[in-house]
Amino acid sequence: MKLVQKYVNEINKLPLSEQKRILEEEYEWLLREEKEKKEEKTLPPLPNAVEGKVVTRFAPNPDFVIHLGNARPAILSDEYAKMYKGRMILRFEDTDPRTKRPMIEAYDLIKEDLRWLNVVWHEEYIQSQRIEIFYDVAREVIKRGCAYIDLCKEKSRELLRAGKSCETRNNSVEWQLEQFDKMLEGYYGEGEAVVRMKTDLSHPNPSVRDWVAFRIIDTERYPHPLVGSKYVVWPTYNFAVSVDDHMMGVTHVLRGKEHQVNTEKQLYVYRCMNWDPPEFIHFGRLKLEGFIMSKSYIRSLMEENPDKFMGFDDPRFGTIAGLRRRGILPEAIRQLILEVGIKRGDAKISWDNLAATNRKILDPIADRLMFVWDPVEITLDINECMTASIPYHPDRPERKREIQVCPREKILVNKNDLDRRDIRLMGLGNFSIENGAAKLINVELDYARQRKLPIIQWVPASKSVKLKVMEPQGLEFRIYDGYIESAIREYKIDARLQLFRFGFIRLDQISGDEYIAILSHK
RNA sequence: GCCGCCGUAGUAUAGCCCGGCCCAGUAUGCGGGCCUUUCGAGCCCGUGACCCGGGUUCAAAUCCCGGCGGCGGCACCA
């Protein structure tokens, strides 16, 4: 072991170019193996999938914007549709205008988020526009004797719990159809009549026993934002989903495990209608460490603190819009979700992991600028004007800006960086600090390297621009007030930059001469 | 409480179906080094896990049984 350590140290002492040369010359076969390894990492195959025939779907409720957890079924459905050269369907499930009242803006906001995530869908449906279709299937299901009208109101719940049912279950098909029409005509009020699927009355899960397929909603009181009070009889989730998945030719349903029992319920519709059920795949829940994802919690936070949050795209929220505003790239989200895959277990994604993934994508494309927070003013003790020439990106040294400073000019540096006597001001030269003045030693970079001087960022006091960087920390922001090079003026809102020795930011607002950015991550 | 699913390092994941090639691979994190006008990236070294207990077997992360733990569901929500 010690021997290995010794050799490693020896090799590490060699310059990198030399290491590379030896590797290429003598161990070329090793490199080749490495390359082959890196290309894998794909999703497992879907059961019963035929290329060109796979149809997946993403079916959000438009009562709010989507969050990272919703992105999992969306991205996986998209990914599998692409993998098998199939189709993907986007379907808005807005069949409850009362307890999950759709948010009219959400239809477009969700599409915007999906497009940003590079999710491609080929067809788009809205369930509230398809109510008549559900009625038609309802009549057929009743005719086949698989459903009945329950007029027992609250009593049914007790009966079902005891493994019994409302006596109307055994009435004739003609009677059931008549009652269904009465429901449609508005004869019954809310809670007075429901359509139930006939299932196993002794099913171990009471909620599966004769589950509700249609109920009455007083849409005069609770109008639907899209269809107003046109309908009073509304299908439940399980009925509408079964019908739509079948009619739209969905072959593979990818959804969270909270739907496992629903799958069981939906199978009763398939069996009654003699339809082939799709493949159902249930995966665990996805959480992002330190972020709020719950729709209702976000909503209540926003209502209770109207001035505290920027909207549902507040970077402190785990919404897709929030992550976008923070500066997370869609590729990073996709990569992460593919890595998590379709396991049944839950996954708590750590922020470090998301940040690292994002950083790797960002690093080669983000320009670098100097930013000074907690600033201290020092005077330059130099004999003639000097020019610092710094590339925007180390990979493209030809793209650079120049910053000129002259004798007696004041510059700003981070307070923390002054605990050393000698420093190197990035791009400018080596200085010794004394009594608020920086005296030029020389300009050699090697001098700084040999002495391990810290290479710090700085900005001219008179020519720099105010920048406020907001770092999300739980439900709060940590604020860094400081100054950035005037080169910031070359960038527009949404620009992604790396600030030397500080972190990656996304430019969020420009008001007059004040710039505001959000810290994506270090 | 009842029903169901799951349980590999701090986090995520591979392997589990078809037991040996796994004293468990990868990524991220953490410690160290090289490189670098960044405390970023890259490169190198190291660190760290099969929930517990029995059983089957020459051999178990992998099969069986029993615990324990986590999650989901138990709506006229989706």
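So you know, we letter chains A, B, ... as the sequences are listed, proteins then strands, and number each from 1.
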Output the rounded distance in Å from CG (N358(A)) to P (rA12(B)). 19 Å
Choose from rU38(B), rA12(B), rA78(B) the nucleotide whose nearest atom is closest to any side-chain atom of Y237(A). rA78(B)
Sort out for me which residue in N238(A), V208(A), V269(A) forms a side-chain contact (heavy atoms from CB on, under 4.5 Å) with M197(A). V269(A)
Whole-Å gap separating C1' (rU38(B)) and NZ (K452(A)): 15 Å
Whole angstrom value for the distance that separates C1' of rU38(B) from CG of L453(A): 15 Å
Which residue, R72(A) or R161(A), contacts RNA chain B at a nucleotide closer to its 5' end, judged by nearest heavy atom? R72(A)
Please write out each protein N/O paired with an N/O of nucleotides 27-29 of chain B under 3.5 Å, distance rounded to 0.1 Å.
unit_1: rU28(B); atom_1: OP1; unit_2: K360(A); atom_2: NZ; d: 2.2

Given RNA chain B, 5'-ward residue of the pair H203(A) and I455(A), judged by closest heavy atom: H203(A)
For K348(A), is the NZ atom crowded, meaning more than 12 foreign heavy atoms sit under 6.0 Å from it? no
With P as the reference atom in both, quote the distance from rC30(B) to rC77(B) in angstrom, rounded to an integer. 48 Å
Taken to the nearest whole Å, CG/N414(A) to C1'/rU38(B) is 12 Å
Quantified in whole Å, what is the P atom distance between nucleotide rC63(B) and nucleotide rU26(B)? 24 Å
Which part of the nucleic acid, if any, lies within reach of K153(A) when heavy atoms closer than 4.0 Å are counted: base, sugar-phosphate only, or nothing? base
Which whole-number value in Å describes the distance from R209(A) CZ to rC76(B) P? 13 Å
Under 3.5 Å, is there an N or O donor on one side and an acceptor on the other linking the side chain of D395(A) and the base of rA41(B)? no
Which whole number of Å gives the distance between the P atom of rA75(B) and that of rG69(B)? 25 Å
Tell me whether the OP1 or OP2 atom of rG40(B) has a side-chain N or O from R501(A) closer than 4.0 Å. no
For rG73(B) versus rU11(B), give the span between their C1' atoms, rounded off to a whole number of Å. 27 Å
Please say whether more than 12 non-hydrogen atoms of neighbouring residues, nucleotides or ligands are located less than 6.0 Å from CZ in R399(A). yes
Starting at CG of L354(A) and ending at P of rU13(B), how long is that distance when rounded to a whole Å? 14 Å
C1' gap between rG25(B) and rC65(B), integer Å: 30 Å
R57(A) side chain near V241(A) side chain, heavy-atom distance below 4.5 Å: yes
Axial cation check for Y392(A) ring with R401(A), 6.0 Å and 45° limits: yes
Does NZ in K400(A) sit with more than 12 non-hydrogen atoms of other residues, nucleotides or ligands closer than 6.0 Å? yes
For the base of rU11(B), is there a side-chain donor-acceptor partner from E289(A) under 3.5 Å away? no
Separation between CG of D200(A) and CG of N205(A), rounded to the nearest 0.5 Å: 11.5 Å
Would you say that D210(A) contacts Y148(A) through its side chain, given a criterion of any heavy-atom pair below 4.5 Å between the two side chains? yes
What distance, rounded to whole Å, do you find between the two P atoms, one in rU28(B) and one in rG42(B)? 7 Å
Pair assignment for RNA chain B - dot-bracket with | for other-strand partners, Watson-Crick or G-U under 3.5 Å: (((((((..((((......[....))))((((((.......))))))...(((((..]....))))))))))))....
Could you tell me whether K522(A) sits above the aromatic face of F504(A), with NZ or CZ closer than 6.0 angstrom to the six-membered ring centre and within 45 degrees of the axis? no
Do D150(A) and V212(A) make a side-chain contact, defined as non-hydrogen atoms from C-beta onward lying under 4.5 Å apart? no
Please determine if E93(A) and R91(A) form a salt bridge, counting it only when a charged side-chain N lies under 4.0 Å from a carboxylate O. yes
Among the nucleotides rC76(B), rA14(B), rG40(B), whichever has the atom closest to the side chain of D363(A) is rG40(B)
F214(A) atom CZ is separated from rC77(B) atom P, nearest whole Å, by 13 Å
Does the side chain of R215(A) get closer than 4.0 angstrom to OP1 or OP2 of rC77(B) through an N or O atom? yes
Taking the C1' atom in each of rG72(B) and rC52(B), what is the distance between them to the nearest angstrom? 24 Å
Decide if the gap between the ring center of F371(A) and the ring center of Y480(A) is smaller than 6.0 angstrom. no
With a 6.0 Å cut-off on ring centres, are W211(A) and Y268(A) close enough? no
What contact category does D94(A) fall into here, base, sugar-phosphate, or nothing, at under 4.0 angstrom with non-hydrogen atoms? nothing
Round to the nearest Å and state the distance from D417(A) atom CG to rU38(B) atom P. 13 Å
Can you identify which nucleotide, out of rA12(B), rG40(B), rC76(B), has its nearest atom closest to the A347(A) side chain? rA12(B)
Quick one: is R98(A) getting a side-chain N or O under 4.0 Å of the rC77(B) phosphate, OP1 or OP2? yes
Could you go over nucleotides 70-74 of chain B and give all protein N or O partners under 3.5 Å, atom names and distances?
unit_1: rC71(B); atom_1: O2'; unit_2: K257(A); atom_2: NZ; d: 3.1
unit_1: rC71(B); atom_1: O2'; unit_2: D346(A); atom_2: OD2; d: 2.6
unit_1: rG72(B); atom_1: O2'; unit_2: K257(A); atom_2: O; d: 3.4

Which residue in the set K100(A), K295(A), R98(A), R101(A) passes salt bridge (charged side-chain N to carboxylate O under 4.0 Å, His left out) when paired with D63(A)? K295(A)
How far does the C1' atom of rG10(B) sit from the matching atom of rG31(B), given to the nearest Å? 15 Å
Looking at every strand, decide which applies to E93(A) at a 4.0 Å heavy-atom threshold: base, sugar-phosphate, or nothing. sugar-phosphate
